[in-house]
Structure formats: structure tokens, C-alpha cells
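The sequence lines fix the lettering, A, B, ..., with proteins before strands; numbering per chain opens at 1. Values reported hereafter were calculated over all heavy atoms of this structure, with side chains retained and with hydrogens, waters and symmetry mates removed.
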Amino acid sequence: MTELPIHAALDDLIQALRSRGRAVLQAPPGAGKTTVVPLAMMQAGLTDGRIVMLEPRRLAARAAAERMAETLGEPVGQTVGYRVRGESKVSKSTRIEVVTEGILTRRIQHDPELAGVGAVIFDEFHERSLNADLGLALCLEVAGALRDDLMLVAMSATLDAEPVAALMDAPMITSEGRSYPVETRWLDRPLGPKARIPEATADLVVQAVRETEGGVLVFLPGEGEIRRVEGLLNGRLPDGCVVRALFGAMDFAAQRAAIQPATSGRKIVLATSIAETSLTIQDIRVVVDAGRARRSRFDPASGMSRLVTERVTKAEATQRAGRAGRVAEGTCYRLWTRGEEGGLQPFPPAEIESADLSGLVLELAQWGADPADLPLLTQPNAGSYAEATALLKMLGALDDNGRITEHGQQITRLPLHPRLAHMLTVAGRDAAPLAALLAERDPLRGAPVDLSLRIEAIRETRRFMEERPYQPHRPTLERIKQEAKRLAKDAPAPRGLSLPEMAALAYPDRIGARRKGTAPRYLMSGGNGAVLDETDPSANAPFLVITDVDGDRREARIRQAIEIRQSDLRALFEDRIAWQDICEWSPREGRVIARKQERLGAIALDDRIWQDPDPAEVARAMLDGVRQLPLPWTDAARRFAARVELARPNDPDLPSMRDDDLLATAEDWLLPYLDGIKSAGAWKNFDILPALRAMLDYGQMQALDRETPAHFTTPLGRQIPIDYGGEHPSIELRLQEMFGQKTHPTVAGKPLRVTLLSPAQRPVQTTMDIPGFWDSSYEDVRKDMRGRYPKHPWPDDPRQADPTLRAKPRS
DNA sequence: CTCTCCCT
């Protein structure tokens with residue numbers, strides 16, 4: 001044990017804790033900090049209280065306790081113990097207690113003084129889990145207000161521990177790691193935009209196997225990609241190579257088999273990010289990194305999380321590469337170029353920035369603090385925070401002022417998402433299997449969506465497997481059963497609710513009402529859309545409680561649901577169902593629809609035509625339609641708008657007549673004129689000119705007539721219309737009618753576009769500068785015209801000639 | 001082109 005590199009840093013750490021009571025220890029994986037630090041703190045006699053260490057995973061908590069106990073030559077549960085959900089090995093003599101992160105939160109909420117605890121160590125803090133962020137913030141508050149003797153240590157593997165040290169006002173101590181050098185090999189040129197990750201990864205694996213020796217670990221984003229690469233590698237690897245998959249959904253035994261050293265041959269493990277931190281694989285010398293990571297991201301707009309596949313971050317790529325250097329020097333192949341390396345993000349987002357925050361918001365409400373006042377390393381995502389608050393109010397866990405209710409207090413005591421804890425609290429013990437099911441991954445992936453099939457598989461597994469054509473995922477099913485038993489123990493007496501009623505308690509915002517039409521498309525009470533596979537047996541249900549959907553933004557696919565009767569909805573949500581007058585623009589029908597609807601959130605339970613809607617409301621709804629339709633320009637209206645636009649630079653008070661400005665201000669000028677207009681058809685025939693004219697007052701109108709007159713008076717006194725439809729206002733007239741004209745005609749201070757015509761009314765020249773025309777091209781025009789129209793006058797000096805429309809008098 | 005990891 002003395003050979004571990006962490007020992008060199010221990011003196012500094014103990015010294016810092018003795019003088020400051022806090023420290024940040026930065027040590028790479030393999031330095032041995034997890035087992036060495038708590039024992040060293042105990043042996044230094046820093047505190048009489050217990051030393052509590054947080055681990056992000058149950059397996060890691062158990063393993064750390066076991067290794068420390070072994071060092072002391074004791075069984076676990078004496079000096080060193082652990083406590084994870086549903087399992088604990090601690091006794092009166094326990095001095096070091098390893099716990100998972102959620103346990104600490106519960107303990108602080110229950111006993112804010114942390115009586116008997118002398119120190120808290122946050123292991124793997126760089127992972128930035130929601131519970132670790134929250135736990136550290138709460139501990140810092142406790143240490144600041146109630147317990148100035150409470151020691152705090154954050155241990156982090158990455159090189160970016162400074163922000164934590166600053167937050168904790170603690171010295172930073174750095175330790176060397178104990179790993180071998182890893183050589184990185186990049187691609188020569190970037191993957192094309194059309195390149196497929198599995199194909200490209202398989203090629204790289206083949207190359208890596210050819211160029212190196214030893215076990216190979218391949219990082220891929222998910223199970224699907226792992227299966228595809230597995231298929232692509234078939235037959236392309238030398239004899240003796242053994243390919244194994246490794247991902248979270250596999251059962252424990254299969255995971256262990258993948259991790260074990262191969263008894264013969266060369267091992268190639270295709271893994272998700274599970275192999276990045278959670279599981280260490282023996283005898284890996286080579287890493288192939290496909291460069292992608294799949295993460296869950298909470299979308300506040302839909303209130304749901306969805307999975308996204310993104311480029312890995314620098315921190316993840318470093319961590320992955322490090323897995324090749326645990327036993328000897330290794331090699332890391334990256335599916336990107338050296339040049340692309342700079343474009344990678346440094347760290348993945350912390351959970352507090354990207355995850356569902358319902359649990360966190362409830363914990364903060366129980367703590368009685370606003371997140372802005374807490375010493376958090378990162379503030380929670382504002383949109384997710386608001387969405388979580390709204391959900392908790394809907395569940396009755398928070399009151400209107402955002403304070404925790406008695407019901408909310410009960411919810412925090414259950415080890416479940418607030419939705420499920422609410423359901424279990426209200427429905428009682430009967431809901432335990434459903435709560436366990438909804439908390440786990442689906443044991444019947446690919447089967448019809450009906451939830452009752454899954455409950456049947458849980459309750460009567462043997463009969464289900466004999467009689468039903470679906471194969472449940474056994475390890476998941478067993479976990480669910482065990483968890484259901486545990487949840488049932490502390491749950492209140494059952495209230496006799498049906499399965500759909502219980503599910504609806506947890507998902508009041510995901511009651512789906514089938515839309516009209518043949519496709520099984522649903523509108524959910526929360527306002528989002530969801531769609532069911534057409535062949536699913538539930539596809540005709542008028543109402544569904546939708547408990548699981550994929551994350552598609554526009555229309556999510558339903559993965560789990562259960563049909564619910566309308567009468568059940570009415571009984572369950574009596575206080576949230578109400579009649580509403582609906583007067584709105586229907587983009588689908590292209591008209592204003594006026595109805596009276598009995599609504600539960602966004603969905604209608606009953607729907608009737610509203611016979612005599614208020615005209616003002618109709619006009620307002622029509623306005624929403626107008627914003628989605630083109631403006632019905634007539635020639636006259638367009639001419640008028642063009643004149644106003646022309647005059648506007650000289651008179652800033654004139655309203656803008658550009659389409660987008662008109663639409664933006666439609667409420668002011670158009671609304672009073674919309675009486676009786678209810679459809680796209682009526683709007684198309686609507687004359688907007690009177691409404692446009694009414695935007696100008698009397699004075700402005702007079703100025704407009706003066707500045708941008710409807711007609712131009714020719715030198716011969718004729719009135720010809722000015723065309724305001726083009727880019728410039730323009731007129732057309734016979735060239736000879738402009739003889740004698742020494743200046744160019746203007747409106748609103750701008751030159752008219754003048755098209756000069758031949759005696760046969762053909763365009764001869766277009767000009768915005770008559771004097772310039774006389775000086776330059778008139779000479780050529782004159783020669784041409786004289787040949788064609790010899791009977792007409794074509795004087796040498798047009799400036800001095802008289803305007804005329806006649807031919808030359810006969811001589 | 002059907003779901004990463006984890007926790008009270």
C-alpha cells in the first residue's frame with residue numbers, strides 16, 4: 001500500500017485539514033485516493049466524529065468499504081461500514097461510513113447539524129452529479145452556520161479543480177497518478193459528413209488490432225451501435241479474437257463475463273460510457289474511441305428528457321484514453337483528427353444544467369433556500385427549474401408561493417421521482433409495483449405499449465412467460481420486483497385505485513386524447529403531441545395515460561401507456577376540469593373556430609359549438625390567422641403603401657407599410673376593421689386600403705398627396721399616372737413631350753424613373769437624369785429616330801425645343 | 001437511425 005502515489009500528498013492534505021478544515025484533492029484515477037484518504041484522516045485523529053465518504057455508485061461504495069476494511073484486517077461493518085439504498089453495514093464502532101450520494105441528502109435534511117459526523121468527503125466530485133452538487137452546497141451551508149468544525153474534502157480526477165477550491169475556500173493539493181503512457185493516434189483526415197460511425201469504427205478497430213497487441217476497448221455511444229459494430233467485425237478479425245459487448249442494460253453476470261480477462265485469445269470489448277468510470281476492465285492495452293457520447297437532456301418545453309448523441313468532450317476523451325494505460329503502456333485510436341481536437345468542449349454539462357430538476361427543487365424547498373443563495377458551483381438551468389416548480393405545484397408538493405406542503409414533505413421521504421412518490425403516497429401500497437416499474441428501464445421493450453402487460457409480468461412472471469408471446473428482460477424484472485417489495489413496506493394503506501388511475505396520478509400532464517383521423521396520434525394534457533404505432537392494440541383508445549415516450553421534439557413516440565376511461569379522468573381530476581370558451585384560429589381549417597370545451601389542460605373531454613361568440617374575440621382570433629397568412633394586397637393598396645414608404649424618410653411620423661411591420665402592428669390598425677372576417681377565404685377578398693388609409697391623419701394625408709401625388713403633369717399639361725408599384729416611382733411618356741425640360745422631375749425629393757417612348761409608343765430610353773440624357777445618349781437616339789420617324793421633329797438641341805406630340809408641319 | 005449513465 002505504501003507504493004501508491006497518493007501517499008506523497010497525504011501530509012499536505014492532513015496539514016490543510018488541520019489548519020483550514022477543508023481541502024480539494026486533485027488526483028488522477030489510479031492514484032488510490034478512495035481507499036487511502038479516509039483511513040489516513042482517521043489515523044491522523046483529525047476528528048472524533050464519523051468520516052462520511054460519498055460515492056456516486058452503490059458498487060463503488062461497497063467496494064471502497066470492503067478494501068478499507070481489508071486493509072485494517074476487519075470485516076466490513078466494524079470500523080469501516082457502508083450504507084446504500086436498501087442496504088447497510090454499519091455499527092456503533094463504525095468510524096468511516098461510505099455512502100451513496102442520495103443518502104447524504106436525506107441525512108442532512110433530517111438532521112441539519114449532522115450530529116456525530118466529523119468530516120464529509122466527496123469522491124469523484126468531477127462527475128458533477130446532481131446529488132454531489134447539492135450535497136456539497138448543503139454541507140458548506142451547515143459548516144458555515146451550525147458546524148464550523150465540520151471538515152470537508154472534495155476529491156476530483158480532472159485538472160480543473162480550481163473552481164471547487166474557490167467555492168470551498170480551500171487549498172488545492174495535487175497528487176500524481178499511477179498510470180503508463182498512452183500514445184494517441186488520430187485520423188489523417190476528418191470523417192465526411194455522410195460517414196457512418198459504426199462502419200468507420202469497425203474499420204478503425206480492424207486497423208488497431210493489426211497494429212497492436214493486447215486487449216482492445218472500444219467506446220461507442222449506445223447498444224444499437226455496439227450491435228452494428230459487432231456485426232461489421234464478423235469475419236474481419238484474425239483467429240483467436242473474442243468480441244464482447246458491455247452496456248448498462250446487460251445483467252450483472254454478463255457484465256462480469258465481459259470484464260474478466262479472456263482465458264484464451266485476444267479480447268475486444270465493445271462498450272458504452274459505462275466502461276469510462278463505472279467498470280474497470282482487466283488487461284486493456286488499446287482503446288478505440290468513436291468520439292460520441294449519448295446523454296439525456298431535459299427539455300423544459302415538453303417537460304421530458306430526451307437522448308442526444310454528441311461529440312465527446314476533452315475530459316471524456318482523456319478518461320477513455322487513460323483506460324489503455326492501467327497495466328502497461330498503451331495506444332489510443334481516435335475517430336477524429338488532431339485538428340478537430342481543438343473544437344471539442346472541455347467538459348460535459350453538469351447534471352444541474354441538463355437534467356430533470358424536480359427532485360432538486362423539492363429538496364431545496366424542504367431546505368428552505370433559494371438556489372441563488374446557496375453555494376452551488378453551477379446554478380440550476382432556469383427553464384428546467386421553472387418547469388420542475390410547475391410540476392411540483394401540480395402534484396401539490398409545493399403551494400402557490402413555492403413553499404413545500406405537508407404532502408411534499410411526505411414525498412421527499414420516498415426514494416422515488418416526485419411524480420412516482422406522489423402516486424405512491426396517494427394510491428397507497430397497491431401502486432408499489434407500478435412505481436418500481438416506472439422507475440426502471442422497460443422490461444418489455446418492443447412489446448405493445450400497454451402497461452398492464454408489464455404489471456402482469458411482474459405479478460405472475462411464470463404464467464406470463466408461458467402464455468404470452470413476449471420475452472421480458474429477466475434481470476430488470478427481478479430488480480423491479482425487489483424494489484416493489486421494498487417500496488410497499490413503507491407505503492400507506494391501499495385506496496383501491498385502478499392501474500390507469502394510479503398512472504394518471506403520476507402523469508397528470510400526459511393524459512393523451514386521440515386526435516381525429518385514422519392515425520393514432522394523441523394530444524397530451526400538457527400540450528405536447530405523441531404518436532402510437534398503428535399496429536399497437538391500444539391504437540384505438542380514446543384516452544391514454546402516456547407514461548413513457550421517446551424524446552422526439554415535434555411528436556414523441558409512445559413507448560408505454562394505458563387506456564383510461566373518461567369517467568376515471570373526471571373523478572380523478574374533478575378540480576382541474578372546467579368549461580372554457582374557446583375562440584381561436586385553426587391553421588388546419590383556415591378559419592376561426594368558436595367552441596365551448598370542457599378541458600383538462602390542453603385536451604377536451606367535451607366539445608360543443610359556441611353559437612354566438614363575442615365579435616371582439618372573433619376579431620382577435622382572426623388576427624392570429626392574419627399573422628400566418630399573406631396580406632391581401634390590391635393594386636390600389638400597394639400603390640398607396642408605396643407612396644407612404646416613399647414619403648416616410650421625409651416624415652418619420654408616417655407609419656411603416658412594409659409587410660412585416662404591418663403584421664407586427666396589425667392589432668392597432670387592422671383589428672377595428674376585421675368585423676365579420678372569420679376565414680382565410682374572406683381575408684383573401686378583404687380590402688385593406690381603408691384600414692391602411694386610416695393609419696394616416698388628415699394632415700398626413702394632405703402632405704402625402706402633395707409629396708407623392710397620384711399624377712405627374714407633363715410639360716404639355718397632361719396628367720399621367722405615376723406608377724408607385726416598383727422600386728422607384730415611374731412614368732412613361734413620349735420623348736418629344738420632354739423637349740425643353742432642363743431638370744429631372746421628382747416626387748418626395750426623389751427622381752422619377754422616366755421611360756421615354758418613341759412616336760410608336762415603344763420604349764426608347766429609361767432615365768433618372770433627363771439633363772444627363774440630353775448631354776449623352778440623346779445624340780445616338782436622335783440619329784436612330786430620325787431614320788425611322790422622319791416626319792417627327794428631332795432637334796439638335798432638345799433643351800431649346802418645344803415639347804410636342806405632333807409630327808412636323810408639312811413644308 | 002427503438003434507450004447513455006446513475007441515485008434517495
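Using a 4.0 Å cut-off between charged nitrogen and carboxylate oxygen, A:E225 and A:R294 count as a salt-bridge pair. A salt bridge is defined here as a Lys NZ or Arg NE, NH1 or NH2 lying under 4.0 Å from an Asp or Glu carboxylate O, and A:R106 with A:E363 meets this definition. Ion pairing between A:R419 and A:D509 holds under the 4.0 Å rule for side-chain N and carboxylate O. Between A:R474 and A:E478, at least one side-chain nitrogen of the basic residue sits less than 4.0 Å from a carboxylate oxygen of the acidic one, meeting the salt-bridge criterion. Ion pairing of A:R479 with A:E440 is present here, as a side-chain N (NZ or NE/NH1/NH2) and a carboxylate O approach within less than 4.0 Å.
Comparing atom distances between the A:R85 side chain and each of B:dC3, B:dT4, B:dT8 picks out B:dT8 as nearest. Closest to the A:R57 side chain, of the nucleotides B:dT8, B:dC6, B:dC3, is B:dC6. For A:I274, whose side chain is taken as the heavy atoms from C-beta onward, the closest listed nucleotide among B:dC3, B:dT8, B:dC5 is B:dC5. Of all nucleotides listed (B:dC3, B:dT4, B:dT8), B:dC3 comes nearest to the side chain of A:R445. The side chain of A:R441 approaches B:dC5 more closely than any other nucleotide in the set B:dT8, B:dC5, B:dC3. Considering only side-chain atoms of A:S273, the nucleotide from B:dT8, B:dC3, B:dC5 that sits closest is B:dC5.
Checking the phosphate oxygens (OP1, OP2) of B:dT4, no side-chain nitrogen or oxygen of A:R306 falls inside 4.0 Å. The phosphate of B:dT8 (OP1 or OP2) has a side-chain N or O of A:T100 nearer than 4.0 angstrom. Between A:T272 and B:dC5, a side-chain N or O to OP1/OP2 separation shorter than 4.0 Å is present. In terms of phosphate contacts, A:R106 brings no side-chain nitrogen or oxygen within less than 4.0 Å of OP1 or OP2 of B:dT8.
Among the protein residues, A:E101 comes within range of no part of the nucleic acid, since none of its heavy atoms lies under 4.0 Å from any strand. Contact annotation for A:V84: backbone-only contact, meaning every heavy-atom pair under 4.0 Å involves sugar-phosphate atoms and none involves a base. Within the nucleic acid shown, A:H417 comes within 4.0 Å of at least one base atom, counting heavy atoms only. Across all strands shown, A:L130 has no heavy atoms under 4.0 Å from either base or sugar-phosphate atoms.
Judged by closest nucleotide on DNA chain B, A:R228 is the one of A:R83 and A:R228 placed further toward the 5' end. Closest-nucleotide positions on DNA chain B for A:G86 and A:L307 were compared, and the one nearer the 5' end corresponds to A:L307.
Per the geometry, CG belonging to A:L362 stands 17 Å off P belonging to B:dT8, to the nearest Å. Rounded to an integer number of Å, the gap from A:L438 CG to B:dC3 P is 19 Å.
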